[in-house]
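Reading through the structure tokens given below for one structure.
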Amino acid sequence: MSTVNISAYKFISLDDLPALRERVLQRCTVLALKGTVLLAPEGINLFLAGARDAIDAFVAWLHADPRFADIAPKESLSEAPPFGRMRVRLKKEIITMRLPTIRPEGGRAPAVDGPTLQRWLAQGHDDDGRELLLLDTRNEYETAIGAFDHAVDYRLASFTEFPSAIDADRLRFEGKTVVSYCTGGIRCEKAALHMQDLGMPHVYQLDGGILKYLEQTDGTHWHGDCFVFDERGAVDKSLQPAPVRADESEQ
């Protein structure tokens, strides 16, 4: 497969958004990349596709900015770019939650990597012996395509519904270790921080989300495919394109 697809995000204060937008768009255009980059006062979120050398050149260019030096994109391959054009958009939030008190840049929630989560799931508890609960923070149309076995799923219409859903369900999680997860890590990071604010003491986010889990493990405990926000529709456990069927996308 000749196209490299990357996704990445970082919560970092940005105050030069119009100028940064122009620089990012120019660089992506020169490298013939396609996809979407979101810029907001709280950070950057990107989904890009292109040739191997072009993707590597863009990541090196991004890393040259000290604010983005530690961004580590997740990768997958496809036959062709799953985007029709290149867009760089300015937004109020890179992932909309509408809770301005949540500032991930101020400190991340604890994270668990894919191999550790897989081990916890196999043994049925975390390393301290606490019962484990997985919490899906994605929207209903995404969870319909695939999910971790036995995960809590609120069937959200949008992420803005998450705060009220978790607030009404806090008793479920008492005394347990909770791992929030999402596609690439951005929603579950905000979700974990909100749960900490609610006083939930044993909360983790799945570092890098489902895509990183599938990259780091053999996909055990994951059922179905993973919805992605491009023309592939979804990827399977090996991160290969698995287009969403029409009946699934309408659920």
Side-chain angles (χ1 to χ4, degrees), residues 1-12 14 16-40 42-91 93-96 114 138 141-142 145-146 182-189 206-217 219 225-244 249:
M1 294 186 177
S2 58
T3 296
V4 179
N5 305 285
I6 63 170
S7 63
Y9 74 93
K10 184 177 181 181
F11 288 106
I12 183 76
L14 301 175
D16 59 340
L17 295 178
L20 180 59
R21 177 189 180 278
E22 293 307 312
R23 293 199 303 272
V24 171
L25 181 58
Q26 180 183 39
R27 189 61 178 164
C28 289
T29 301
V30 167
L31 294 170
L33 300 179
K34 293 184 179 180
T36 300
V37 178
L38 304 179
L39 300 171
E42 68 177 5
I44 184 172
N45 190 17
L46 62 89
F47 309 86
L48 294 172
R52 172 86 269 174
D53 58 348
I55 288 291
D56 289 346
F58 177 82
V59 173
W61 177 82
L62 193 64
H63 283 169
D65 186 324
R67 298 172 296 181
F68 309 128
D70 58 349
I71 282 183
K74 296 170 285 293
E75 291 192 3
S76 61
L77 302 176
S78 61
E79 293 290 350
F83 303 98
R85 56 177 174 163
M86 184 66 232
R87 298 188 298 171
V88 182
R89 302 175 59 195
L90 301 184
K91 303 273 288 182
E93 298 177 76
I94 54 175
I95 182 66
T96 302
R138 300 172 301 154
Y141 63 86
E142 299 169 77
I145 304 301
C182 55
T183 306
I186 186 169
R187 276 176 286 187
C188 44
E189 181 162 355
L206 176 55
D207 198 19
I210 301 160
L211 295 178
K212 197 67 176 178
Y213 181 88
L214 296 178
E215 178 184 325
Q216 294 178 325
T217 74
D225 298 321
C226 178
F227 187 96
V228 290
F229 294 88
D230 57 51
E231 293 174 6
R232 291 174 295 175
V235 294
D236 61 20
K237 287 185 178 182
S238 60
L239 297 176
Q240 300 303 307
V244 178
S249 64

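Nearest heavy atoms, Asp236 versus Leu214: O-CD1, 3.8 Å. Taking all atoms of both residues into account, the shortest heavy-atom contact from Ile55 to Leu33 is CD1-CD2, 3.8 Å. For Thr183 against Arg138, the heavy-atom pair with the smallest separation is OG1-CD, 3.6 Å. The heavy-atom pair separating Ala49 from Thr3 by the smallest distance is CB-CG2, 3.8 Å. A pairwise comparison of heavy atoms in Ile145 and Ala234 identifies CG2-CB, 4.1 Å as the closest pair. Taking every heavy atom of both residues into account, Pro241 and Leu77 meet most closely at CD-O, 3.8 Å.
No more than 12 heavy atoms of other residues, nucleotides or ligands sit less than 6.0 Å from atom CD of Gln26.
Proximity of a side-chain donor or acceptor of Arg21 to a complementary backbone N or O of Val88 within less than 3.5 Å is detected. A donor-acceptor distance shorter than 3.5 angstrom exists from the side chain of Lys74 to the backbone of Gly184, with no hydrogens or angles considered. Of the possible donor and acceptor atoms, none in the side chain of Gln240 sits under 3.5 Å from a partner among the backbone N and O of Val235. In this structure, the side chain of Tyr9 engages the main chain of Gly185 through a donor-acceptor pair within 3.5 Å. At least one donor-acceptor pair closer than 3.5 Å links the side chain of Ser2 to the backbone N or O of Glu79.
Taking a cutoff of 4.0 Å between a charged side-chain nitrogen and a carboxylate oxygen, Glu142 and Arg187 qualify as a salt bridge. Salt bridge status for Lys237 with Asp225: absent, with no side-chain N to carboxylate O gap under 4.0 Å.
Side-chain contact between Leu48 and Met86 is present, with at least one heavy-atom pair separated by less than 4.5 Å. The shortest distance between side-chain heavy atoms of Ser76 and Arg232 falls below 4.5 Å. Taking 4.5 Å as the limit, some side-chain heavy atom of Ile186 sits within range of a side-chain heavy atom of Phe11. Counting heavy atoms from C-beta outward, Glu93 and Ile95 have side chains that stay 4.5 Å or more apart. Looking at Cys226 and Leu211, their side chains come closer than 4.5 Å, going by heavy atoms from C-beta outward.
Here CD1 of Ile94 is found 13.5 Å from CZ of Arg89. Values are rounded to the nearest 0.5 Å. With rounding to the nearest 0.5 Å, the separation of CG in Asn45 from OG in Ser7 is 8.0 Å. The structure places CD of Glu189 at 8.5 Å from CG of Asp207, a figure rounded to the nearest 0.5 Å. Note that CG of Leu206 and CD1 of Ile210 are 7.5 Å apart. Values are rounded to the nearest 0.5 Å. To the nearest 0.5 Å, atom CG of residue Asn5 and atom CZ of residue Phe47 are 11.5 Å apart.
Between Tyr141 and Phe227, the distance separating the two ring centers is shorter than 6.0 angstrom.
No side-chain donor-acceptor contact under 3.5 Å links Thr36 and Arg85.
Within the structure, every pair that satisfies the salt bridge (Lys or Arg N to Asp or Glu O under 4.0 Å) test and touches residues 45-62, not counting sequence neighbours, is listed here: Arg52-Asp56, Arg52-Glu75.
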Acceptor/donor pairs from residues 57-69 side chains to any protein atom, 3.5 angstrom cut, sequence neighbours excluded:
unit_1: His63; atom_1: NE2; unit_2: Ile71; atom_2: O; d: 2.6
unit_1: Asp65; atom_1: OD1; unit_2: Arg67; atom_2: N; d: 3.0
unit_1: Asp65; atom_1: OD1; unit_2: Arg67; atom_2: NE; d: 3.1
unit_1: Asp65; atom_1: OD2; unit_2: Arg67; atom_2: NE; d: 3.4
unit_1: Asp65; atom_1: OD2; unit_2: Arg67; atom_2: NH2; d: 2.8
unit_1: Arg67; atom_1: NH1; unit_2: Asp16; atom_2: OD1; d: 3.0
unit_1: Arg67; atom_1: NH2; unit_2: Asp16; atom_2: OD2; d: 3.4

- Item | side-chain contact (heavy atoms from CB on, under 4.5 Å) between Ile44 and Val37, worked out | CA-CA 7 Å; Ile44 184 172; Val37 178; 4.0 Å; yes
